[in-house]
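Worksheet for the structure shown next.
Chain identifiers are assigned alphabetically (A, B, ...) following the order of the sequence lines, protein sequences preceding nucleic acid strands; residue numbering begins at 1 within each chain.
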Amino acid sequence: MARLVVLGAGVAGHTTATFAKKWLGNGHEVVVVTPNSLWNWIPSNIWVGVGGMSKEDVVFPLAPVYQKAGIDFRQAKAVSIHPEGKDGSDTPYVTVEYTGQNKEGQTEEITYDYLVNATGPKLNFDATPGLGNGEGGIGSNTVSVCTADHAVHASQELKQVFEKAKRGERQKILVGTGHGMCTCQGAAFEYIHNIHHEAEKAGVRDNVDIKWISNEAFLGDFGMGGMHMKVNGYVVSSRIFAESLYTERNIPWIIGAHVNKIEEGKAHYELLDGSTGEEEFDFAMLIPPFAGAGMKAYDKAGEDITSKIFNPGGFMFVDGDYAPKPYDEWKAADWPRTYQNRDYKNIFAAGIAFAPPHIISKPAKSPNGTPINPTPPRTGMPSGIIGKAVAHSIVDLIKNGSSAHLHEASMAEMGAACVASAGKGLTGGQAAAMTIYPVVPDFDKYPGTGRDTEYTFGEIGLAGHWIKHILHHLFIWKAKLKPGWTLIPE
Amino acid sequence: MSVEENFAKNSEFNLSMVPSKFASFMRTCVIWQFIRFVAINLKMIIVVRKSH
Amino acid sequence: MIKEERNFADPQFETAMIPGRFQRTMRHCIVWQLIRMVFFSVRSIGIIMVNLKNEKELPST
Amino acid sequence: MARLVILGAGIAGHTAATFAKKWLADAHEVVVISPNSLWNWIPSNIWVGVGKMDKKRVTFPLAPVYAKAGIDFRQAKALAIYPEGKESDKHPFVTIEYTGQGREGQTEALSYDYLINATGPKLNFGATPGLGTGSHIGPHTVSVCTADHAAEAHERLRAILDKARQGHRQKIVVGTGHGTCTCHGAAFEYALNVEHAARQAGVRDRVDIQWISNEPYPGDFGMDGMQLGIMGYVTSVRIMAESLFSERGIHWINSAHVSKVDAGRLEYEQVDGTTGEEAFDFAMLIPPFSGVGLKAYDRQGTEITDTMFLPNGFMRVDADYTPKPYAEWKASDWPVTYRNPDYPNVFAAGIAFAPPHPISKPRTSPRGTPITPMPPRTGMPSGTIGKAVAHSIVNLIREGDRAKLHTASMAEMGAICVASAGTGFQSGQAVSFTMYPLVKDFETYPGTGRDTKRTYGEIGLSGHWIKYILHHLFLWKAKLKPGWTLIPE
């Protein structure tokens, strides 16, 4: 009987755990370690952030679902990995610290045969002074929509801003990224357009200035170096697509910006050309940069081997090619395929937790040396696909031994469907529906745009909103393991 | 006419394609969007199948 | 190799809309282009009518 | 019996002359003075330049047409205007020098009651060293501004395509030869037609095509660009122009003043002060336009050229020429009747009238070189203005000084423009534009300065058909064949 320990119950971890359990049955053990008691469908948080949904609509308690599935659930935070065991035992284990289940603060060692690191990101608010409260939480100056609780807070603040605007006070809203190395521009993109939509519905749009600020080199980069997609029979850069949408909605943009300091009602930033500026606001939603969850690793002797297993950002090394190379030597083949740790073959990393070999956008620095470039998104559909492939590999390893064939899910051979909401409403809503193939551009296969324009496509309209709404229910259904959940693709 | 005034507000808006009244209407026209709904779903299913 | 993708390899061509196969075909589809010609002619007549309408008579000074 | 003298037989002059004669009939005299014996449908010259038409198909002799219409045609060049006559005879007159009709070199004084200056542009090749001297093109570049130039351009282009066929890489540069050029449309069409020709010849991959222009971006066209309706969107023509170049692999250099041309090499300066050079095997560079260099004298014989003409040689009309900063320019600055403010019996039509200011934003390089595209006044606006001026003069002749004048303000005038992107009944393409108004009017249209319902563009084969039909239609009209008056300008 083997034991698989999954750290994290986000899209990647939950997918890995549920599929592994389904395939392994009761013959083996699946343990999930996560500090949160609730599962959260993160893509819908932006709707919570504008008051279109309540927190209850986007979360559900994990414990009953795992109990029914026969998964051992520990509401705890992973602290360290000991892949070689310790003195007197070769069995690898992780130490965890409970955050719930009436064992708060207790630590425990959980041994594993196979480990999946799917801890997701740490929301690194501290990277920018004023962005957070110094404890990794959200500060009083800006709001966030990264968690359901953050989004609830954001919606309350936004309501006040709208009320002031209704009374005739001019309000300034700033949405974007709070640091030069942020990813997840998509969420901020959705949020700004949802704010615009809600402001119009509330009849206060004329009294509200909405502005975008982000670390992208151009609007529509999204951390993927932009993309060229089919629109109306033309192939266009996502830059035109995005700029058009912002123009249509009268949202000006500041681009290539590293937000380096937040004060009450004011954001300071540095631009790619080295110039600096500041922007005042009454309400700001700035996405924090992501870091690894901050786990440590120790060898048998108790020596710290964190830097061997994790990159300096705290993301885990897997089977990617991490040799530093200049931008034009980057290859699609550098990207990991199996997500197996390069040193410990029984450890895998899925979702945001794995270290990408390099960013996808073109790296850029300001003259002062500040790197200002979006880091690659690893959320949503790719997370799910990677989680499932990793589960598949581990199940085969358990069943067939170490000679088993590993399953592959390279982001350079993976497409993604992405629906970015631009306003909620059954008949008045809109969303940009995009498909992109592959996520990481492959210039050898597709010289020019790096992607297959037959499958890279974008369109905005009500249909996109319907899709996003259906996906919301579909994925919550799937995550709850309700009948037919395996039929729903990642 | 209302949205195209945006062009005048900001010079960086000049490289944009702003939908006319007809295009804006089609974006929320239920019948047309239902057709697009089916079309987009087909496209997405193709990409999902290619990715696994 | 698809034509429109090759063109995007040059950074100067980034902000362009390059027609895909369908658009390129439509540009040379005789039936569709006949319709477009009628359409454009109607538009042109509109412009000519406006020009005629705008030709005013001013008193000589 | 009054005499109307028209200087120039281009689109504006020919339109004015033929309509004036039709309306005035035999009761009054219409005299046309033009140094050229042939009428030329200039928009089709670009097809001559790629060898798709020969010179004969875009020109015809003027003399027989005018003889039939009863217009007095003098193949001569206008030298000077004497709007106050002489001390001895107060009747105004122009002096001309014959260039044909067996009287070459003879000069003559021709009195007039009304005068229309429709002399068009002087092709000022001399403005850029190496582009040419004076109004004559130099050996290094070609032009498509006249039918003869276009025919020569084709000869040289053919040689270039032959060399490419033999495997030699060839570099073609097309664009404007000076910082103050206008008429980008012709160069734009030529660039696309050359690309089309290279593709048809099967040598496109051995020919590099480079666009160089004084516009701030492709698609400015001297009109500050435009926002047009296309496929249900409103977008800047810049996207459309850049897309066309991108689709066809034509690179562009913007905001460039070509400062010097040598054999196979040109130097340019950009608005940000940077300089560069471009080697070429074949270059078609449009020269800047200036007035033809008419002089004017008062009764005593004192030169008054400066009061009748602006320094660039274009004639003052009823526009507001007060220098103003860009932000204060108004649609109402533009002329309405094209009447000279000092001499009410003198009018200017087409390129010959002085525009009050550019339409594009004027810019200068750090060294002080102006790099500003000048407003186009060709094609449809020329014809419309010519007809309105003829109308006014006919009224004046018939009804005296109290008569009403006709208006044709470019700020209230729409234009139709079809820019060829390659010929062929099935393989051709052209961009068809309609725009209204020509001069942006931000008071009436606060967004884009133009009415986007009437400003529209589309590319396709149908555009080519339209351009082809227009070619025949306007030649028919210019030849005054049956029904010519039904064809609008």
Would you mind checking which part of D/H391 comes under 4.5 Å of any heavy atom in chain C, side chain (CB onward), backbone (N, CA, C, O), both or neither?
-> side chain
Side chain from CB out, backbone as N, CA, C, O: work out which of these in D/M380 comes under 4.5 Å of a heavy atom of chain C, or both, or neither.
-> side chain
Do D/F245 and D/L192 come within less than 4.5 Å of each other through their side chains, counting heavy atoms only?
-> yes
Hey, can you tell me if D/Y436 and D/Y445 have their rings parallel, tilted or perpendicular (30° and 60° cut-offs)?
-> perpendicular
Is the D/Y468 ring parallel, tilted or perpendicular to the D/H472 ring (thresholds 30°, 60°)?
-> perpendicular
Between chain D and each of C/R43, C/K53, C/M26, count heavy-atom pairs under 4.5 Å; write down the option with the most.
-> C/R43
May I ask you to test the D/L4-D/I116 pair for a side-chain heavy-atom distance under 4.5 Å?
-> yes
Evaluation steps, ring pair (Phe, Tyr, Trp, His ring centres under 6.0 Å), between C/W32 and C/F39 = CA-CA 10 Å; C/W32 175 242; C/F39 178 84; 8.8 Å; no
Decide if atom CD of C/E57 counts as having more than 12 heavy atoms of other residues, nucleotides or ligands within a radius under 6.0 Å.
-> yes
With a 4.5 angstrom heavy-atom cut-off, which part of C/L34 approaches chain D: side chain, backbone, both or neither?
-> both
If one checks every heavy atom of C/I47 against chain D at 4.5 Å, the contacting part turns out to be side chain
Which bit of D/T337 is near chain C, if near means a heavy-atom gap under 4.5 Å: side chain, backbone, both or neither?
-> side chain
So what's closer than 4.5 Å to chain C heavy atoms on D/A241: side chain, backbone, both or neither?
-> neither
Which residue, D/V439, D/L438, D/V317, forms the side chain to side chain contact (heavy atoms under 4.5 Å, CB included) with D/W334?
-> D/V439
Chain C contact via D/A388 - side chain, backbone, both or neither, heavy atoms under 4.5 Å | both
D/E242 portion near chain C, given a 4.5 angstrom heavy-atom threshold | both
